[in-house]
Amino acid sequence: MGDNNDNFDLQALMHALATSQISSTENTTQAINQLGAVVESYIQRQPASRRGTSGPRPKEPKPYDGDRSNGQLDDHIRDLRNWIAFHEKRDHWTDEDEKVQQASTYLTGKIHRMFTLQAQNIHTFPEYITWLQATFRDNNEQIRLRDEWQRTIQGGRAVMDYASDLVYLAARILPQKSTEEIKDHFRTGLNARIQMNMAEHPEWDTLDLNEYITRADRQDQIELAKEQVRKRVGTTSHGQSYAITDAPRRGGRVPSTLTRRPRKGTDEWQAYCRQHSACFNCGEPGHNSRDCPQSRVTLPHSEPLGPRRRPGAIPPRKKTPFRSGKART
């Protein structure tokens with residue numbers, strides 16, 4: 001059927017359904033089937049570029065300037081493949097050459113001029129990807145990746161950030177690191193406290209990589225919660241934040257208020273001695289100050305009274321009295 005006949009049939013069917021001119025159920029079903037056939041025929045005759053334009057669109061690749069560092073080329077190729085595959089499923093490409101031309105529009109500056117010099121030899125999208133890898137691949141990339149792998153530790157980062165960087169590096173190194181190699185490196189690169197907590201559970205060593213990372217992340221969260229408690233309490237020790245308030249330290253001695261004596265010679269000393277019937281000289285009960293054994297100090301007759309000198313000390317010189325007046329001649 002031509003376009004005019006389709007329009008006529010479509011208008012007639014829609015008019016019949018709208019004005020209820022179709023009497024029986026069988027005629028209604030037949031009219032709906034004819035309407036569906038007309039609509040399907042109309043859709044099939046539309047160009048491929050006009051079909052599938054609705055719905056979500058993929059993220060377009062970022063412009064590429066030939067940067068070889070930090071995996072920029074791999075990221076650009078990945079985005080290109082996702083973008084080409086999305087539109088390929090919707091029949092947006094007429095041929096391979098169109099894919100190449102559209103993908104090359106994301107090259108900037110002199111990088112695009114380099115492509116124009118080789119465009120006559122590139123006719124398919126896989127050939128274009130091969131040209132990108134051969135032209136912009138860093139020859140020293142594997143050396144840098146291995147050095148970065150050796151330097152990667154947790155440091156001040158979260159466990160999940162450390163694990164994601166390690167897994168990403170392991171995937172880019174050729175040959176790729178095995179799961180056991182990633183797990184061993186991940187274990188040795190953890191912070192010391194988390195390593196100690198993980199070592200307390202030797203049964204975790206048999207877990208797979210993902211489960212082992214999950215357990216380490218849990219220990220990291222516990223340590224972070226403890227650190228927040230220490231900051232809130234105002235202590236720096238790892239054990240004091242969980243001690244019972246006003247409890248004595250283990251092995252310490254708590255002074256008793258019953259045996260505590262005030263300083264001698266004060267009013268509190270006098271009150272203490274009267275209350276406990278104690279000696280006003282030594283504070284011990286059972287005797288008076290005049291009978292205190294500590295006040296009976298007997299000195300030998302050979303020892304003169306006066307300040308004590310250290311053995312071998314030079315005695316001080318006697319002062320000569322000053323005499324005023326003129327000397328006799």
Side-chain angles (χ1 to χ4, degrees), residues 42-153 155 157 160-179 181-182 185-186 209-210:
Y42 175 78
I43 293 176
Q44 291 297 330
R45 289 197 306 271
Q46 298 302 313
S49 59
R50 297 182 56 185
R51 283 181 283 166
T53 56
S54 60
R57 292 182 177 275
K59 179 182 178 181
E60 291 192 7
K62 296 180 180 179
Y64 181 65
D65 57 356
D67 189 1
R68 302 181 181 183
S69 62
N70 199 22
Q72 295 293 327
L73 178 60
D74 294 336
D75 295 341
H76 179 68
I77 292 176
R78 183 197 61 238
D79 294 342
L80 277 179
R81 286 173 173 168
N82 294 337
W83 183 69
I84 292 293
F86 176 85
H87 292 290
E88 188 175 13
K89 291 182 179 180
R90 288 156 178 78
D91 297 331
H92 284 189
W93 308 116
T94 57
D95 53 17
E96 286 290 321
D97 187 66
E98 184 180 6
K99 297 179 185 179
V100 174
Q101 295 300 325
Q102 292 298 322
S104 65
T105 58
Y106 294 97
L107 299 177
T108 61
K110 64 179 181 179
I111 307 302
H112 189 271
R113 292 194 293 269
M114 292 175 60
F115 166 75
T116 57
L117 298 177
Q118 301 293 331
Q120 58 183 357
N121 300 324
I122 303 174
H123 304 287
T124 62
F125 182 70
E127 291 178 356
Y128 177 73
I129 296 299
T130 303
W131 174 79
L132 284 176
Q133 294 174 343
T135 305
F136 303 106
R137 178 71 69 184
D138 187 3
N139 297 328
N140 298 323
E141 182 181 21
Q142 290 300 316
I143 299 176
R144 292 189 297 101
L145 290 176
R146 291 188 179 90
D147 293 341
E148 188 175 357
W149 166 270
Q150 296 297 333
R151 294 193 306 266
T152 302
I153 58 175
R157 299 177 295 173
M160 296 306 296
D161 294 340
Y162 163 55
S164 61
D165 291 346
L166 202 64
V167 172
Y168 176 70
L169 284 174
R172 294 179 58 191
I173 294 177
L174 298 176
Q176 293 186 0
K177 299 291 184 179
S178 64
T179 304
E181 290 177 326
I182 299 175
H185 190 107
F186 174 78
L209 177 61
N210 294 333

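As the structure is a computational prediction, the values presented were derived from the model and not from experiment.
Rounded to the nearest 0.5 Å, atoms CD1 (I122) and CD (E96) are 13.0 Å apart. Between the CG atom of L117 and the NE2 atom of H112 there is a distance of 11.0 Å, given to the nearest 0.5 Å. Within the model, atoms CZ of F125 and OG1 of T130 stand 10.0 Å from one another, a figure rounded to the nearest 0.5 Å. Atoms CZ and OG1, on R68 and T135 in that order, are 8.5 Å from each other to the nearest 0.5 Å. One distance of note links CG of D95 with OG1 of T124; it measures 11.0 Å at 0.5 Å rounding. Note: L80 CG to K99 NZ = 12.5 Å, rounded to the nearest 0.5 Å.
Side chains of Q142 and L145 form a contact here, defined as non-hydrogen atoms less than 4.5 Å apart. H92 has its side chain out of reach of I84: every pair of non-hydrogen atoms, C-beta onward, lies at least 4.5 Å apart.
A donor-acceptor pair under 3.5 Å is formed between the side chain of H185 and the backbone N or O of T152. Checked by atom type and distance alone, the side chain of R172 never pairs as donor or acceptor with a backbone atom of Y168 at under 3.5 Å. Not a single donor-acceptor pair under 3.5 Å links the side chain of E181 to the backbone N or O of K177. Proximity of a side-chain donor or acceptor of Q102 to a complementary backbone N or O of E98 within less than 3.5 Å is not detected.
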request  = Show the numbers, then the answer: is there a side-chain contact (heavy atoms from CB on, under 4.5 Å) between E148 and R144?
outcome  = CA-CA 6 Å; E148 188 175 357; R144 292 189 297 101; 5.7 Å; no
message = Using side-chain contact (heavy atoms from CB on, under 4.5 Å), reason through N82 and R78 one step at a time and then give a plain yes or no.
response = CA-CA 6 Å; N82 294 337; R78 183 197 61 238; 4.0 Å; yes
task = Determine, stepwise, if the pair F136 / I111 fulfils side-chain contact (heavy atoms from CB on, under 4.5 Å).
result = CA-CA 10 Å; F136 303 106; I111 307 302; 3.3 Å; yes
request  = For side-chain contact (heavy atoms from CB on, under 4.5 Å), just list the numbers for L73 and Y64, CA-CA rounded to whole Å, side-chain angles, deciding distance to a tenth of an Å, and then say yes or no.
outcome  = CA-CA 8 Å; L73 178 60; Y64 181 65; 3.6 Å; yes
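Nearest heavy-atom pair, L107 versus W131, reported as atom, atom and distance to 0.1 Å: CD1-CZ3, 4.1 Å. Smallest separation of non-hydrogen atoms from Q133 and I77: CG-CD1, 3.6 Å. In terms of heavy-atom proximity, P175 sits nearest to R146 at CD-NH2, 4.3 Å.
Only one option out of W83, Y128, F115 pairs with Y106 in a ring pair (Phe, Tyr, Trp, His ring centres under 6.0 Å); it is W83.
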